[in-house]
Amino acid sequence: MNQTLAVWLLIALALVSANLPFLTERVLTVLPWKRGTVVKPFWLRMVELLLYYAMVMGLGFAFEAALGNPFAQRWEFYAITFSLYLVLGYPGFVFRYLFKRHPVARG
């Protein structure tokens, strides 16, 4: 695998995984959330987002180690990548919480 393919694959995986917590009612896309009619709470979606971020970062570090010389990262790197990951998850957030169809009041 060349470096360009690895970068695009990682970006595509980040885009999909950042939106998964908002698009499904299953925990980590596998375990069903059974609490009666209650939907998955927001805090659980954020925990899922953090876990998916950790998985994407782990895969990114694996790609870096396989393709070349891995570099040590400081806190700034993690702050920036997590911010970008949140931006990638914004479409799922909008779909879940802001793009609701409200009935039109007719008089």
Side-chain angles (χ1 to χ4, degrees):
M1 176 182 310
N2 64 8
Q3 185 176 2
T4 304
L5 179 62
V7 168
W8 283 108
L9 182 64
L10 194 64
I11 291 171
L13 183 67
L15 178 66
V16 170
S17 67
N19 287 294
L20 275 178
F22 301 108
L23 299 179
T24 181
E25 290 300 321
R26 293 178 167 264
V27 179
L28 295 176
T29 318
V30 178
L31 305 170
W33 177 260
K34 293 183 181 179
R35 300 283 191 254
T37 60
V38 178
V39 296
K40 190 167 54 170
F42 184 73
W43 66 267
L44 186 57
R45 294 182 196 278
M46 291 299 105
V47 169
E48 278 186 287
L49 194 71
L50 285 172
L51 290 174
Y52 284 134
Y53 171 72
M55 291 189 316
V56 169
M57 290 301 294
L59 185 63
F61 288 137
F63 281 163
E64 184 182 22
L67 294 174
N69 206 9
F71 294 97
Q73 305 296 341
R74 296 182 47 188
W75 71 270
E76 297 93 347
F77 172 78
Y78 298 104
I80 290 170
T81 56
F82 186 66
S83 298
L84 289 172
Y85 194 77
L86 288 177
V87 169
L88 288 175
Y90 187 68
F93 177 83
V94 167
F95 182 76
R96 165 66 59 188
Y97 294 108
L98 302 178
F99 190 64
K100 292 185 178 180
R101 300 200 185 270
H102 298 286
V104 177
R106 298 185 185 212

d(Leu59 CG, Leu9 CG) to nearest 0.5 Å is 7.0 Å

So, does Glu25 use its side chain to make a donor-acceptor pair with the main chain of Lys40 at under 3.5 Å?
-> yes

Report the distance from atom CG of Leu13 to atom CH2 of Trp8, rounding to the nearest 0.5 Å.
-> 14.5 Å

Would you call the rings of Phe42 and Phe22 parallel, tilted or perpendicular if under 30° counts as parallel and over 60° as perpendicular?
-> tilted

Between Phe71 and Glu64, which heavy-atom pair has the shortest distance, and what is it?
-> N-OE2, 3.2 Å

Spacing of CZ belonging to Arg45 relative to CZ belonging to Phe93, to within rounding of 0.5 Å | 10.5 Å

Nearest non-hydrogen partners of Asn19 and Gly92, listed with the distance = OD1-N, 2.7 Å

Should we count CD of Gln73 as having more than 12 external heavy atoms under 6.0 Å?
-> yes

Atom of Tyr85, atom of Ala18 and distance for their closest heavy-atom approach | OH-N, 3.3 Å

Value rounded to 0.5 Å, distance of CG in Leu51 from CG in Leu20 | 12.5 Å

Ignoring hydrogens and geometry, is there a side-chain-to-backbone donor-acceptor pair from Thr81 to Phe77 under 3.5 Å?
-> yes

Atom OH of Tyr90 with >12 non-hydrogen neighbours under 6.0 angstrom = no

Point-to-point distance, once rounded to the nearest 0.5 Å, from CG of Leu10 to CZ of Phe63 = 6.0 Å

Please name the pair of heavy atoms, one in Tyr78 and one in Arg74, separated by the smallest distance, quoted to 0.1 Å.
-> CD1-O, 3.2 Å

State, with a plain yes or no, whether a side-chain heavy atom of Leu86 is found less than 4.5 Å away from one of Leu49.
-> yes

Mind checking whether Phe82 and Leu50 have side chains closer than 4.5 Å, heavy atoms only?
-> yes

Under 4.0 Å between a Lys/Arg side-chain N and an Asp/Glu carboxylate O for Arg26 and Glu48?
-> no

